[in-house]
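Contents: one structure, followed by commentary.
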Number of protein chains: 2
Amino acid sequence: MMDARIDEIRKQLTAKGFKLTAQREETVKVLLENEDNHLTTEEIYMIVKNRVAEIGIATVYRTLELLKELHVIEKVNFGDGVYRFDLRRKNQAHFHHHLICTECGAVQEILEDWLLPLENRVLLEFGFTVEDHRLDFQGVCHSCKAKHTSEECKAVS
Amino acid sequence: MMDARIDEIRKQLTAKGFKLTAQREETVKVLLENEDNHLTTEEIYMIVKNRVAEIGIATVYRTLELLKELHVIEKVNFGDGVYRFDLRRKNQAHFHHHLICTECGAVQEILEDWLLPLENRVLLEFGFTVEDHRLDFQGVCHSCKAKHTSEECKAVS
DNA sequence: TATTTAATGATAATAATTATAAATAAGAAA
DNA sequence: TTTCTTATTTATAATTATTATCATTAAATA
């Protein structure tokens with residue numbers, strides 16, 4: 001299944017005259033293995049370097065930039081000063097939504113697209129044709145709330 | 001009206017033991033005068049410097065950080081590598097939505113809050129309590145589309 | 001007025017990213 | 001296969017945005 005995805009990306013690259021080098025392939029693999037995380041360039045570089053020791057960080061930067069151009073990945077910024085990368089899942093045109101916990105920093109994803117009605121409204125009210133979107137919610141996640149209540153219980157007892 | 005807004009901010013500051021210095025006041029004024037733009041720290045610094053020549057950029061950074069803490073402004077990142085600042089309008093609890101044109105770069109705002117139903121859904125389905133949100137749409141704005149059609153007309157004639 | 005504390009400006013330091021240039025690898029042409 | 005051309009990489013320098021430091025200044029308080 002991962003091989004199929006890599007082949008697909010190879011085709012996308014060669015179609016535009018690029019090559020899937022060993023460095024690029026390893027970077028793609030790291031992204032595929034971490035589909036649920038949002039890794040920074042640095043983090044991706046560290047993992048890739050363990051496998052292809054002679055890789056330079058500039059190559060990782062370039063590869064990520066290239067994959068972004070091909071819409072294989074998304075470059076996101078949750079406001080903590082670094083860019084993170086997020087694989088666009090197969091058969092999923094839209095960029096998924098995020099629930100960012102302001103207490104523990106956990107990022108949960110909503111895979112379903114909740115914005116189609118709003119995009120229609122944007123077209124009608126503003127004459128703006130939406131090509132992509134981004135929706136993040138900041139707040140307190142389920143487990144942090146659970147932590148609070150248990151702490152309150154302790155405080156009372 | 002601007003003075004009233006500044007007074008309000010002064011109160012917020014003094015309530016927390018901070019002062020509204022001349023530098024801070026001038027920075028706030030620039031933000032108020034540019035409510036519809038999303039200025040970078042550098043841009044804000046340049047404008048303020050024209051009025052208070054001896055101000056240093058570190059002060060602008062610090063002031064913006066402080067205003068962010070007080071929820072007077074929002075720090076946003078549209079993915080172009082710099083942070084921009086956006087004044088939270090009076091009587092408007094939520095952070096407004098953005099329509100970002102990928103052709104001309106214009107950023108239009110939706111002031112109305114369209115996300116309340118979705119925030120309720122997030123609570124029900126994920127047990128996640130939303131404190132804030134961010135919604136950006138990328139696409140083609142009305143005037144860029146108009147440009148296209150006129151160019152197509154020229155091409156035909 | 002003297003004293004304490006907050007805030008500032010100048011500048012150094014850091015962190016992330018991008019540019020450069022020489023070396024290497026890969027594919028196409030001979 | 002060998003040569004030629006081009007893409008890609010590595011290592012490193014340069015750049016950019018941001019943060020930290022620290023001496024100085026301004027403001028508030030006793």
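No experiment lies behind these values; they were computed from the predicted model shown. Each chain gets a letter, A, B and so on, in the order its sequence line appears, and its residues count up from 1.
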Backbone N/O of A/Tyr83 and side chain of A/Lys75: donor-acceptor pair under 3.5 Å: no
Using a cut-off of 4.0 Å on non-hydrogen atoms, how would the nucleic acid contact of A/Thr59 be classed: base, sugar-phosphate, or nothing? base
N/O contacts under 3.5 Å, protein versus nucleotides 10-19 of chain C?
residue: C/dT17; atom: OP2; partner: A/Tyr61; partner atom: OH; Å: 2.6
residue: C/dT17; atom: O5'; partner: A/Tyr61; partner atom: OH; Å: 3.4

So, are B/Asp3 and B/Arg5 salt-bridged, with charged N and O less than 4.0 Å apart? no
Length of the line joining A/Glu25:CD and C/dA26:P, which is rounded to integer Å: 12 Å
Output the rounded distance in Å from CD1 (B/Ile44) to C1' (D/dA17). 14 Å
Could you state the atom-to-atom distance from CG of B/Asn77 to C1' of D/dA17 in whole Å? 12 Å
Using a strict threshold of under 4.0 Å (side-chain N to carboxylate O), is an ion pair present between B/Arg121 and A/Glu112? yes
Here the distance between atom C1' of D/dT9 and atom CZ of A/Phe18, to the nearest Å, is 15 Å
Rounded off to whole Å, could you give me the CD-to-C1' distance for the B/Gln23 and C/dG9 pair? 9 Å
Whole-Å distance between D/dA7 P and A/Glu69 CD? 17 Å
Among pairs that include at least one residue of residues 12-21 of chain A, which meet side-chain hydrogen bond (donor to acceptor under 3.5 Å, both in side chains), considering only residues two or more places apart or in two chains? none
For the pair made of CG in B/Leu13 and P in C/dA6, what is the distance, rounded to whole Å? 14 Å
Any side-chain N or O of B/Thr21 below 4.0 angstrom from OP1/OP2 of C/dT8? yes
Separation of D/dT16 P from B/Met46 CE (nearest whole Å): 14 Å
Are the side chain of A/Asn37 and the backbone N or O of A/Leu39 linked by a donor-acceptor pair below 3.5 Å? no
Over all heavy atoms of both residues, which pair between B/Phe137 and A/Glu119 is shortest? Give the atoms and the distance, please. CE2-CG, 3.4 Å
